[in-house]
Protein chains: 2
Amino acid sequence: MAATIRDVATAAGVSQSTVSRALSMPDLVNPATRARVLAAARRLGYQPNRAARGLITGRTGNLGLIVPDLSNPFFSSVVKGVQAAARAADYSLFIADTDEEATAEVELLLALTRQVDGIVLCSPRTPDAELARVGVESAVVLMNRRIEGRPSVTVDNADGMRQAVEHLAALGHERIAYVAGPRTSWSNGQREQGLHRSAEDTGTDLVHLGHFPPRFEGGVAAADLALASGATAVIAYNDVVALGLLSRLGARGVSVPDQISVLGCDDISMSAMTHPALTTVSIPKREAGRAGVALLLSLLADTAAAAEGAPAPHRELHAQLIVRATTGVAPHPDRRTAGGHSTKGTTR
Amino acid sequence: MAATIRDVATAAGVSQSTVSRALSMPDLVNPATRARVLAAARRLGYQPNRAARGLITGRTGNLGLIVPDLSNPFFSSVVKGVQAAARAADYSLFIADTDEEATAEVELLLALTRQVDGIVLCSPRTPDAELARVGVESAVVLMNRRIEGRPSVTVDNADGMRQAVEHLAALGHERIAYVAGPRTSWSNGQREQGLHRSAEDTGTDLVHLGHFPPRFEGGVAAADLALASGATAVIAYNDVVALGLLSRLGARGVSVPDQISVLGCDDISMSAMTHPALTTVSIPKREAGRAGVALLLSLLADTAAAAEGAPAPHRELHAQLIVRATTGVAPHPDRRTAGGHSTKGTTR
DNA sequence: ATGAAAGCGCTAACAT
DNA sequence: ATGTTAGCGCTTTCAT
């Protein structure tokens, strides 16, 4: 059996309380006895039982994180951020993967709530109404979803899309296709809004394709539609879909970016490793994870304020267009100053 | 406050013991009272406090997983397998990321041990000797590392490499370069052994390059050495390194697989998404995760056997060469039956 | 079949 | 500055 606080107390010749205090409120004990206690603790390899502590303090020292798919590189990065922030604050982290199932989300939420002080719910698939109905004890921070009255961390997806459209418009593109992600995705909705607004502002035609599953195969399937649409540039719901586009376009012998430009979103690490590399709208994934934990901790710090009808805190992060040295985005084929394309332009 | 077992007892008009029994030993209570208890529990939204239960049963119902880097796609897949298996067995999962730091590994091991029944330690970076010194209460299963007397799950890396070499030899390659991974990696050691043995068996020249960091940049850095080595085929420590090779070779205008063949290892999902797709040695990552949990659970089931000097259980999984439709591997440039290369062969 | 009571390891009043 | 006591929510004897 592992050493308990009693063993340490006996070994140090003091009472349990003294041991407890020596460990968690060091200034309240005599330096000499504290030293004795610490020595005994180390000698016995004592590790406090956090479950027992939580039973009385009401705080578990654990946080929970629920994500749709751990093997999706987007979520891996978020998880990494959450994990780092949790550890820095001396919290342990429960992680659960729902396999994209909305029902598993509520289930896990309920199962976790008793074991943690707070939960980060990442990119929830559960409908707003149902999510509102779930009453959990723990503090819950939503990530990549905004619900009025709920703490949340989001990214300015619409602005990210605006940057993308303005970039393409500046390069002379007049007709842009968007390969849409899942209908139920909040992020996709935000992105569509941003696209439509900035397409209008820049006087660009926007062709809406999909919805497609947010995977490689989604991009493969969308490629032919994108070509047929007459668009000279395609924006994909995310980088993985953009990679699918690149693959299918390559297979059809269509050159990127010479014949058509491809733009991704998320800035997963793979997006920099392809030929050509992807121009993409970078989402600060790790930062979002950190921010989620920070929000959670602030919520836990003053539960009083939370009980009062204080407005739910919300943190919005910035999305940033990334253009790489070699990239899948080029000027409109007819508007290039360099190369022999200008002739072609006047021929029309 | 959340409902406790007392609240349920009061609501159902029975004692705490009866509620407890109704929930965990259903046959020991009268069906009628059980129904009453369950109804009350549901009505109050009762969720048992697992920490309190663990305090008395000595089992936490939690498992721990320690990995070097969550955002590495290899580990994401392993995590996914562990997570699924844990959930299926009604265990919650603590996950910790060490950021590749060996010291963090021991630290986390110590911190986790009190909160979990068992731990999967994935691809440990800690030296054997130090790892042996760490005495943890919980059952620990090693993954991707074999230490005598310790339960572990490994993959037959050497055989995977043998398959790769035999494939290349059959295609006529006579000189193969290996871009080595980290010196301290157990897997890399296994792979090197397999490579050397099968190179000898097939009468192939093996050129050893590196060690290189197991990242994209590692492959980029190794590409020029590989070209200069005179090898007609390169095997990379893993797929990410192989992608780095592809990138740099492409930048130098070297055609893959026409001029040089590239082979990866791990079968991360990205390996199927490139142009050309990677031929790779597939490691059953999810399966390894599942196997780790299975081993852990069997260990927990009969702690008696574990206490007796029963041999530490070990599970070895199979690695499998994957050749895709379009791939980065082709026959030796001089030995191709199709195309105009045969002339070139005789010219020499 | 059910209830009463003890106790898991720990912290937080309340003494001293 | 330290010790004593009660009790967190639960399971498990031991009675009944």
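Worth saying up front: this structure is predicted, and the values here are computed from it rather than measured. In what follows, chains are A, B, ... by sequence order, proteins preceding strands, each numbered from 1.
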Choose from D:dC8, C:dC10, D:dC10 the nucleotide whose nearest atom is closest to any side-chain atom of B:P48.
D:dC10
Have A:Q47 and B:T113 got a donor and an acceptor in their side chains that come within less than 3.5 Å?
no
Just how far, in rounded Å, is C1' of D:dG3 from CG of A:L28?
14 Å
Rounded distance (Å) that lies between atom P of C:dT11 and atom CG of A:L23:
8 Å
Between B:I5 (CD1) and D:dG7 (P), how many Å, whole number?
19 Å
If the threshold is 4.0 Å, N to carboxylate O, is there a salt bridge linking B:D69 and A:K80?
yes
Close N/O contacts between protein and nucleotides 12-16 of chain C (under 3.5 Å):
unit_1: C:dA12; atom_1: N6; unit_2: A:S17; atom_2: OG; d: 3.4

Rounded distance in Å - CG (A:N49) to C1' (D:dG9):
14 Å
Looking at B:T18, I'd like to know whether one of its side-chain N or O atoms comes within less than 4.0 Å of OP1 or OP2 on C:dG3.
yes
Salt bridge between A:E130 and A:R125, side-chain N to carboxylate O under 4.0 Å?
no
Given D:dT11, C:dT2, C:dC8, which nucleotide is nearest the side-chain atoms of B:S24?
D:dT11
Residue mapping more 5' on DNA chain C - nearest nucleotide basis, A:Y46 or B:V29:
B:V29
Interatomic distance where CD belongs to A:Q115 and C1' belongs to D:dG9 [whole Å]:
14 Å
Between A:T4 and C:dG9, is there a contact of a side-chain N or O with OP1 or OP2 at under 4.0 Å?
no
A quick test of your reading: do over 12 heavy atoms of other residues, nucleotides or ligands sit less than 6.0 Å from CZ of B:R146?
yes
Integer-rounded Å distance: C:dC8 C1' and B:R59 CZ:
16 Å
Closest to the side chain of A:N30, out of D:dT2, C:dC10, D:dG9, is D:dT2
Please determine if A:R87 and B:D97 form a salt bridge, counting it only when a charged side-chain N lies under 4.0 Å from a carboxylate O.
no
Roughly how many Å is it from CZ in A:R6 to P in C:dC10, rounded to a whole number?
11 Å
The residue, A:L55 or B:R34, whose nearest nucleotide of DNA chain C is more 5′ is B:R34
Spatial distance of atom CG (A:L299) from atom CG (A:L296) [nearest 0.5 Å]:
6.5 Å
Separation of C:dG9 C1' from B:R53 CZ (nearest whole Å):
18 Å
Taking B:D128 first and then B:R145, would you say they form a salt bridge - that is, a charged N and a carboxylate O separated by under 4.0 Å?
yes
